[in-house]
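Single-structure report; data block below.
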Amino acid sequence: TKRTHMKVIITKCSGVSYWYHNRIGETFDVIGTTSRAYSVAMESSEYYGHIYHNDCIMLDELRQDKLNEILDGEVKSSMY
């Protein structure tokens, strides 16, 4: 498990039995990562949970996607 300092936001849940199935849209501090999942800190608990990479987006990625969306819109509008 690699240590990291980032946050993720849950965007979907690929399993109805996963602990985060009803937490879509919530953000969590990442305390580690593996090749398939992020380990996240659970609020008011010494325990942690795992969120699969394909069920969430790192907040930095989300910001970059939004920036690209804005820039794409500006480029398209400047073409007309």
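Start at 1 with the first residue, then count along the sequence. Keep in mind that the numbers below use all heavy atoms, side chains included, and drop hydrogens, waters and symmetry copies.
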> Heavy atoms, side chains only, cut-off 4.5 Å: are Ile24 and Thr11 in contact?
Replying inline: no
> Is the closest side-chain heavy-atom distance between Thr27 and Leu59 below 4.5 Å?
Replying inline: yes
> For Tyr18, does the OH atom sit with more than 12 other heavy atoms under 6.0 Å from it, leaving out its own atoms?
Replying inline: yes
>> Could you report the tightest heavy-atom contact between His21 and Gly15, atom names first, then the distance?
In response: CB-O, 4.0 Å
> Which heavy atom in Ser14 sits nearest to a heavy atom in Asp55, and how many Å separate them?
Replying inline: OG-OD2, 3.0 Å
>> Under the criterion side chain to side chain contact (heavy atoms under 4.5 Å, CB included), I'd like the reasoning laid out for His53 against Tyr38: C-alpha separation, chi angles, the key distance, then a yes or no.
In response: CA-CA 7 Å; His53 291 173; Tyr38 296 110; 3.3 Å; yes
> Please walk me through it: do Ile51 and Ile10 pass side chain to side chain contact (heavy atoms under 4.5 Å, CB included)?
Replying inline: CA-CA 8 Å; Ile51 301 172; Ile10 298 174; 3.8 Å; yes
> So Val8 and Val40, side chain to side chain contact (heavy atoms under 4.5 Å, CB included) or not? Walk me through it.
Replying inline: CA-CA 9 Å; Val8 293; Val40 297; 4.1 Å; yes
Rounded distance (nearest 0.5 Å) linking atom [atom1] of [X] with atom [atom2] of [Y]:
| X | Y | atom1 | atom2 | result |
| --- | --- | --- | --- | --- |
| Tyr20 | Cys13 | OH | SG | 5.0 Å |
| Met6 | Asp29 | CE | CG | 11.0 Å |
| Ile9 | Arg23 | CD1 | CZ | 12.5 Å |

> Do Trp19 and Phe28 have ring centroids that are under 6.0 Å from one another?
Replying inline: yes
